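Letters A, B, ... are given to chains in the order of the sequence lines, protein chains preceding strands, and every chain is numbered from 1. Bear in mind that the values here come from a model prediction, so they are computed numbers and not experimental data.
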Protein chains: 2
Amino acid sequence: MFSKACEYGIKAAIFIATQSYEGKRVSPKEIAQEIDSPQAFTAKILQALVKNDVVSSVKGAYGGFEIDRNQIASIKLSQIVNAIDGDTIYNGCGLGLHACDEAHPCPVHDKFKAIRTDLKHMLENTSLEELALNIKSGESFLKI
Amino acid sequence: MFSKACEYGIKAAIFIATQSYEGKRVSPKEIAQEIDSPQAFTAKILQALVKNDVVSSVKGAYGGFEIDRNQIASIKLSQIVNAIDGDTIYNGCGLGLHACDEAHPCPVHDKFKAIRTDLKHMLENTSLEELALNIKSGESFLKI
DNA sequence: TATAAATAGGATAAATTTGTCCGAAATAAA
DNA sequence: TTTATTTCGGACAAATTTATCCTATTTATA
Ligand code: FES
Ligand code: FES
């Protein structure tokens, strides 16, 4: 469904959010341990999230990655997916036609569109806040 | 969503079905032209579909690929996807945890499961017949 | 039986994704 | 100002997916 990079990015953002609630910045090393991902690759993905204003970074000693506590609730899963995997999952044809076009649909267009729209709504309506709180409460997990 | 191989496989199966209704066997060359895919790669994918009893092949002169006319209605999209991409799309964790486990869910488990279940039902309830008839009637297209 | 036509399948190559490494730039504190 | 720490970013490497090529095998017909 999503690329590995995107999976890591989502989990990283959730972990950073949980720590940001406690005023803590985190390093790629901590993140990689917490979400069970390759550290250097995770660092690369974090750069993309920084560029897309999902997380912010502070260079130098005592630096690290963090998310403004006031923004955690307004950041949606869709922003993260879009920053890393782009918008093909929303707009692309399920059978790989050059474009998903109502006027020239592939055989599964109608059925696919329904699923894709649900997915889009889900991603657009799921905030980092609820995911992070789920982790903090122990209801869900980021690894194993 | 699906791999390129799976996209080609679905389109190939649909095209073979349309021709099988008319008693015609088709070659990888014809198929690749009709679905706009690389010929040799498509031939490889056809082998997988043959092994998984989605299509049947006849070797030698006057041979080619075909689907038993009486089976077209009972072949579901899910069989094709399963034959090529396996079952991770149905059973795997959306965030790449080792397994999707109700007792140890990832943060998006509940929301993901709903989408995935819909997708599964869609694939299991969509037959090659309806897709092929859509193509024959000119309502949908396999390329461009 | 010989021949031509067609799929099967292995080896290989190209492209993309995933992953690693290291030096440059920035920053806080001593 | 110096030093230690940390992200940034480019180059590189490994793994996977996508794609190609060639030979073997099978089969209908002449
Ligand atoms: S044309 Fe294929 S999903 Fe719309
Ligand atoms: S545990 Fe992640 S989708 Fe079920």
**Student:** Are any non-hydrogen side-chain atoms of A:F112 and A:C100 less than 4.5 angstrom apart?
**Tutor:**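 No, side chains not in contact.
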
**Student:** Any side-chain heavy-atom pair from B:P28 and B:T42 closer than 4.5 angstrom?
**Tutor:**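 Result no, sub-4.5 Å side-chain heavy-atom pair not found.
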
**Student:** By side-chain hydrogen bond (donor to acceptor under 3.5 Å, both in side chains), which residues pair with A:E66, not counting sequence neighbours?
**Tutor:**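 Partners of A:E66 under the side-chain hydrogen bond (donor to acceptor under 3.5 Å, both in side chains) test: A:R25.
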
**Student:** Check whether any side-chain heavy atom of A:P105 sits under 4.5 Å from a side-chain heavy atom of B:F141, and report yes or no.
**Tutor:**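 Contact flag for A:P105/B:F141 side chains = yes.
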
**Student:** Less than 3.5 Å apart, any donor N or O on the side chain of B:N134 or B:S140 sitting next to an acceptor on the other?
**Tutor:**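 Side chains of B:N134 and B:S140: no pair found under 3.5 Å.
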
**Student:** Give a yes or no on this: more than 12 heavy atoms of other residues, nucleotides or ligands lie within 6.0 Å of atom NZ of A:K76.
**Tutor:**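 Above 12, so yes.
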
**Student:** List every contact pair, protein side and nucleotides 12-15 of chain C side both N or O, where the distance is under 3.5 Å.
**Tutor:**
none

**Student:** Hey, could you give me each pair passing side chain to side chain donor-acceptor pair (under 3.5 Å) that has a residue in residues 91-111 of chain B? Not counting sequence neighbours.
**Tutor:**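 Sorted result for residues 91-111 of chain B: A:T126-B:K111, A:E130-B:K111, B:D87-B:N91, B:E102-B:H109, B:E102-B:K113.
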
**Student:** Reckon B:S57 has a side-chain N or O less than 4.0 Å from the OP1 or OP2 of C:dA8?
**Tutor:**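 It does, given that an N or O in the side chain of B:S57 lies less than 4.0 Å from OP1 or OP2 of C:dA8.
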
**Student:** Walk along DNA chain D from 5' to 3' and tell me the first and last nucleotide with an atom closer than 4.0 Å to a non-hydrogen atom of chain A.
**Tutor:**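 Terminal contacting nucleotides, 5' to 3': D:dT5 to D:dA11.
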
**Student:** If Ile, Leu, Val, Met, Phe, Trp and Tyr residues are connected whenever their side-chain heavy atoms lie under 4.5 Å apart, and connections chain through other members, are A:I67 and A:Y21 in the same group?
**Tutor:**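 Yes, it is one cluster - the side chains of A:I67 and A:Y21 are joined through contacts under 4.5 Å.
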
**Student:** So which protein N/O to nucleotides 23-30 of chain C N/O distances come out below 3.5 Å?
**Tutor:**
| residue | atom | partner | partner atom | Å |
| --- | --- | --- | --- | --- |
| C:dT27 | O2 | A:A61 | N | 3.3 |

**Student:** Expected output is a numbered-order residue list: members of residues 29-55 of chain A with a heavy atom under 4.0 Å from any atom of DNA chain C. What is it?
**Tutor:**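 The stretch gives A:P38, A:A40, A:F41, A:K44 as the residues lying under 4.0 Å from the strand, ordered by number.
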
**Student:** Using modelled atom types only, decide if a donor and an acceptor are shared between the side chain of B:N125 and the backbone of B:H121 within a distance under 3.5 Å.
**Tutor:**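 At least one qualifying donor-acceptor pair exists.
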
**Student:** If you round to the nearest 0.5 Å, how far is CD1 of B:I84 from NZ of B:K44?
**Tutor:**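 Between atom NZ of B:K44 and atom CD1 of B:I84 there are 14.0 Å.
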
**Student:** Around atom NZ of A:K29, are there more than 12 heavy atoms of other residues, nucleotides or ligands at under 6.0 Å?
**Tutor:**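 Open: at most 12 neighbouring heavy atoms sit under 6.0 Å from NZ of A:K29.
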
**Student:** Report yes or no: does A:K11 contribute a side-chain atom to a donor-acceptor pair with the main-chain N or O of A:I31 at less than 3.5 Å?
**Tutor:**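 No.
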
